[in-house]
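Right, one structure below, let's go through it.
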Amino acid sequence: MLRQRTTTLTLPRVLGLTLAIAAALTVGLGACAGNGAVPPPEGTPRSIVVESFPAEPAEESPPGPPVEGMTNAIVDATVRPARLTVTTWGTPGCMPYPVAVVWYDPWTVHVTTAPSDETRCTAEHLAVSQVVVLPVDHPADEVRAVRVDDASVAFAFRQ
């Protein structure tokens with residue numbers, strides 16, 4: 001003989017289940033958010049920088065840092081996908097950062113930057129290189145011009 005048992009959900013059981021689910025979600029989500037990372041404010045463009053470092057001297061990485069106040073770039077076609085290193089002057093962490101890189105035409109790469117939202121900037125002023133991946137729409141060895149925020153910049157080429 002087969003017995004069938006039915007359970008009636010009463011208000012205390014429903015509340016108990018709801019509280020148990022809410023507690024589990026709170027603990028689970030709290031663990032995810034507990035890494036100290038604060039998400040950027042809504043509408044803030046996300047950086048596309050894959051690496052950032054102090055600019056290297058010309059002896060180690062020609063052409064070296066640009067003249068203070070200027071920007072330069074290096075197109076590196078020795079890696080796949082090709083990379084573009086944009087070097088500019090500013091305070092690390094407080095300087096504009098690349099948010100988009102596109103081919104303006106088959107020979108011109110255009111980088112768009114956004115201002116940093118960091119408010120605790122220091123007085124330190126140095127050349128910083130920021131590396132982005134070039135889109136694969138065109139061969140990197142065909143680059144003839146690099147533009148950063150609508151301004152042409154001097155660039156070197158690695159093949």
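All residue numbers refer to positions in the sequence shown, counting from 1. These figures come from a predicted structure and were not determined experimentally. Below, each value reflects all heavy atoms present in this structure, side chains not excepted, and no hydrogens, waters or symmetry copies.
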V75 vs V146, side chain to side chain contact (heavy atoms under 4.5 Å, CB included): CA-CA, chis, key distance, verdict: CA-CA 9 Å; V75 176; V146 176; 4.1 Å; yes
Co-membership, hydrophobic cluster, residues I48 and V111, 4.5 Å side-chain: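 I48 clusters together with V111.
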Shared hydrophobic cluster, V136 / V131 (ILVMFWY, side-chain heavy atoms < 4.5 Å):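 V136 and V131: separate clusters.
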Taking the side chain as C-beta and beyond, is there a heavy-atom pair between [X] and [Y] under 4.5 Å?
X    : Y    : result
T112 : P98  : no
V128 : T88  : no
P62  : I74  : no
P81  : L134 : no
E124 : L126 : yes

Steps toward side chain to side chain contact (heavy atoms under 4.5 Å, CB included) verdict (E68, H125): CA-CA 9 Å; E68 189 166 345; H125 191 75; 3.1 Å; yes
Exercise: identify the closest heavy-atom pair between [X] and [Y]:
X    : Y   : answer
Q130 : V49 : OE1-CG2, 3.6 Å
Y97  : S47 : CD1-CB, 3.5 Å
S116 : M95 : CB-O, 3.5 Å

Backbone N or O of [Y] within a donor-acceptor pair of the [X] side chain at under 3.5 Å?
X   : Y    : value
E51 : V132 : no
R80 : A77  : yes
W89 : P65  : no
N72 : G64  : yes

Straight-line distance of D105 CG to E142 CD, nearest 0.5 Å: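 Here the interatomic distance stands at 11.0 Å.
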Criterion side chain to side chain contact (heavy atoms under 4.5 Å, CB included) on V148 and V86, from CA distance to verdict: CA-CA 9 Å; V148 177; V86 177; 4.2 Å; yes
Contacts table for residues 149-159: side-chain donor-acceptor under 3.5 angstrom, sequence neighbours left out:
from	atom 1	to	atom 2	distance (Å)
D149	OD1	T113	N	2.8
D149	OD1	T113	OG1	3.3
D149	OD2	T113	OG1	2.3
D150	OD1	H110	NE2	3.1
S152	OG	R147	NH1	2.9
R158	NH2	S61	OG	2.6

Check against side chain to side chain contact (heavy atoms under 4.5 Å, CB included), V109 and L84: CA-CA 9 Å; V109 175; L84 177 70; 4.0 Å; yes
